[in-house]
Amino acid sequence: MPGTAPSFDRPAAGPITSQFSRRPPDYLEGLNEEQRDAVLSTEGPLLVLAGAGTGKTRVLTTRIAHILSTRMARGAEILSVTFTNKAAREMKERIGSLVGSSVEGMPWLGTFHSISARILRRHAELVDLRSDFTILDTDDQIRLIKQLLAAENIDEKRWPARQFAGMLDAWKNRGLLPRDVSEADAGFFANGKGKKLYADYQARLKVLNAADFGDLLLECIRLFREQPDVLAEYHRRFRYMLVDEYQDSNVAQYLWLRLLAQGKPASEANICVVGDDDQSIYGWRGAEVDNILRFEKDFPGAKVIKLERNYRSTSNILSAASHLIAHNESRLGKTLQTDVGERGETVAVTSVWDSEEEARQIGEDIEQLQRNGEALDSMAILVRASFQMREFEERFITLGLNYRVVGGPRFYERREIRDALAYLRLVSNFTDDLAFERIVNVPKRGLGDTTVKVLMGTARHQNVPLTTATRMLIETEDLKPKQRTTLRELLAQFDDWAERSRSIPHAELAEQILDESGYTAMWQADKAPDSPGRLENLKELVRSMEEFETLGGFLEHISLVMDRDSADSDDAVSIMTLHSAKGLEFNTVFLPGWEEGLFPHQRALDESGRAGLEEERRLAYVGITRARKRAKISLAQNRRIHGLWQSAIPSRFLDELPADAVEVKDTGSSYGGYGYGGGASSRFNQVDPFDSVYETPGWQRAQRQRENRKSPGPMTIDGELVAKSVSDPGTSSAFSLGETVLHLKFGHGEIINIEGNKLTIQFETGRKKVLDSFIRKS
DNA sequence: TTTGCTCTTATTTTT
DNA sequence: TAAGAGCAAA
């Protein structure tokens, strides 16, 4: 019963809670004091600050299990929100095993987006949509924006559709409708047309009966604001609200939650948010750490529970992570304490020659661990940027080491899947113009831009969907005979499929559509190395359709929920970005690429300054805290960025690690190397003798050069004339062909090609492309 | 309409 | 380097 918080001495009524008075139920066993408090404090607002590895998910799931088994609410009365489908799925599983039954009864456990979509479909007409509205994917979105730009005569080169899509996203993340966008904000795009474009875009979506991801939330917010009775219905329904990873929520999600929590005075709302400000790594996509920092103000009297006992990592690892994150200024401040007991291995920092050696080194380490009986599954390589993955993949392939890349493009984002879906969407709904556009000429049918333009023109004039416009046009002389025939046949096919969709199972229908349209044949004929994989994906798609009752149900699933192909069961090392590692843990974690410019990433620093640096540091913190037993950091002295060799300097984060928990190693192949010096600050950033000529480190110098290249006029690098003119690439270098030069790290070599300030040099060790600023005349 | 070539640009990613 | 986009020629 809401209002009566169950406790050991005064349990609420009910068959289960009566047991409760004698001894705590099983699910509370093994929880520490704070965790238990968090589970049992069901009434009123609660903020759980859960450090890495402190059993956050456990608290969340146990809390739900507790609410369910004490009958304080039924599954359908609990709203519990996550950010990813993966997290939602995991929670369902864990709750299921706790309460020992299926979680079918929890329809409101899901991502912000899937729950919003569910709500919107029920009240679609109130936000000018029909309940079968389509959810736009990024491709559709870009295509639509391009059309709008063309209609406004905006040069797509100067104002790329992608950029506008990014702005749209940012606005929607902040909960801004077209009218809310400030002129200053929208003004710069396409000389002040930004705001109008946003409004046009939204209008177009309504015509198409579509919503993009941002709209799912935004329209929900609008619905709640404009229809108090609808909102009240949800207030009555949701007796408890839970939010995972609250530090990742953006403004729109915050507004959404606030509206739903308004059923009661803020101080009585049964809302529980769980998060860790130190793991906020999605600021760049609109997450507001502020939401979590502000929770106590939003919900006065909120109880705050800190989970600081870490059950995951050894004290060395924890010490490294804590020292590092302590360099951040804006944080709530938690102190993690280890529960593991032993200090464990020290955190290894290894300096290597280049990324190739880094991959080799890590490969060896992995094989060594494997010989010691560690499973590959328990190891992961966490990189800052995905281009770093390739080197490892290549190395592991030669070693025959099993690996798996986690993350990357989602299943439904793949071209073949989207194409197939477009066919299905169109069959189930002839008014889906975006789907039509996508596949009219896929596979190629000789229906190019010009034909499509005619179709679109008619559609717009007559104000009808593209299929209808096509039907009209094939009766006229406006199209060339060839195209007319092709279109007539295509329409006939679609009519046929739509007809069949009523009688045969949709999975079977899908197979027929893919065959008869020639889509399968298209990939069979394609000789590209990835086409067999694509065919495989299509099969997978058809297979997964079988699990759904209706085509509509399947389409909803695929656009909101469907993940990348399910985990292969083989034992394999995981390779992933630091971002996608959040929430996971491994015995051994490899953290390569700790170099200035790469990690912290230059762009984060350039674009967001101190805040950017702090977010990068949180990313490093997330990385280290993924490790249970071993964290192995490495850095390369040379790295190839966009095909150019550059010397790198060690990440500043290395200096922020505590000396007593870290052991510095050098593979010996380094020239000059990075010393073993005493104090933390001198250990890594020992200035390279070559760099000492300049004031700034190599990376920054290179960055500056890159900028310089864009601007006309003489370029100087630290006072030295490097290029006379950009338009004069042949003679722009201070060096000449055939000259013997010295690169401090690669040694002597002969210049065999010059392109601007990029030199190709034959060194004793091989041919490399380097920037001329790394070269001295010999 | 399609193809092949040149140019450009280059985090992190969920939904 | 390497992928994707845009543009000119077939």
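Each chain gets a letter, A, B and so on, in the order the sequences are listed, and its residues count up from 1. This one's a predicted model, so the numbers in the text were calculated from it and none came from an experiment.
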Sugar-phosphate, base or nothing in reach of [X], heavy atoms under 4.0 Å:
{"X": "Arg618(A)", "value": "nothing"}
{"X": "Ala604(A)", "value": "base"}
{"X": "Asp137(A)", "value": "nothing"}
{"X": "Gln253(A)", "value": "nothing"}
{"X": "Asp212(A)", "value": "nothing"}
{"X": "Leu447(A)", "value": "sugar-phosphate"}

Query raised in the report: Asn441(A) side chain N/O closer than 4.0 Å to the phosphate oxygens (OP1, OP2) of dT1(B)?
Result: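 The answer is no; no side-chain N or O of Asn441(A) sits under 4.0 Å from OP1 or OP2.
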Query raised in the report: Given dT14(B), is OP1 or OP2 found less than 4.0 Å from the side-chain N or O atoms of Thr111(A)?
Result: no
Between [atom2] of [N] and [atom1] of [X], the distance in whole Å:
{"X": "Asp169(A)", "N": "dT12(B)", "atom1": "CG", "atom2": "P", "value": "16 Å"}
{"X": "Leu644(A)", "N": "dT9(B)", "atom1": "CG", "atom2": "P", "value": "16 Å"}
{"X": "Lys172(A)", "N": "dT13(B)", "atom1": "NZ", "atom2": "P", "value": "23 Å"}
{"X": "Asp248(A)", "N": "dT15(B)", "atom1": "CG", "atom2": "C1'", "value": "13 Å"}
{"X": "His579(A)", "N": "dT13(B)", "atom1": "NE2", "atom2": "P", "value": "7 Å"}
{"X": "Gln141(A)", "N": "dT14(B)", "atom1": "CD", "atom2": "C1'", "value": "13 Å"}

Query raised in the report: Can you find a side-chain donor-acceptor pair between Glu595(A) and Ser651(A) that sits under 3.5 Å?
Result: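 The criterion, which ignores hydrogens and geometry beyond distance, is not satisfied for Ser651(A) and Glu595(A).
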Query - 5'-most by nearest nucleotide on DNA chain B - Arg445(A) or Glu607(A) - result: Arg445(A)
Requested in this report: Using the closest heavy atom to pick a nucleotide of DNA chain B for each, name whichever of Gly448(A) or Ser386(A) lands nearer the 5' end.
Outcome: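 So the residue in question is Gly448(A).
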Test: [X] and [Y] ion pair at under 4.0 Å:
{"X": "Lys56(A)", "Y": "Asp244(A)", "result": "yes"}
{"X": "Arg445(A)", "Y": "Glu489(A)", "result": "no"}
{"X": "Arg618(A)", "Y": "Asp278(A)", "result": "no"}
{"X": "Arg384(A)", "Y": "Glu616(A)", "result": "yes"}

Requested in this report: Tell me, please, the opening and closing nucleotides of DNA chain C, 5' to 3', among those with an atom under 4.0 angstrom from a non-hydrogen atom of chain A.
Outcome: dT1(C) to dC7(C)
Query raised in the report: If you measure from the ring centre of Trp284(A) to the centre of the six-membered ring in the base of dT12(B), is it under 5.5 Å, with the planes under 30° apart?
Result: yes
Query raised in the report: Taking the side chain of Ser580(A) as its heavy atoms from C-beta onward, which of dT13(B), dT1(B), dT11(B) lies nearest to it?
Result: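 Side chain of Ser580(A) sits closest to dT13(B).
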Query raised in the report: Can you find a donor-acceptor N/O pair under 3.5 angstrom joining the side chain of Arg384(A) to the base of dT11(B)?
Result: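 Check fails, no donor-acceptor contact within cut-off.
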Query - Closest non-hydrogen atom pair between Thr138(A) and Arg418(A), with its separation - result: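 Nearest heavy atoms, Thr138(A) then Arg418(A): N-NH2, 3.8 Å.
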Query raised in the report: Does the gap between the ring centers of Tyr198(A) and Trp171(A) come in under 6.0 Å?
Result: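 Ring-ring flag for Tyr198(A)/Trp171(A): true, centres closer than 6.0 Å.
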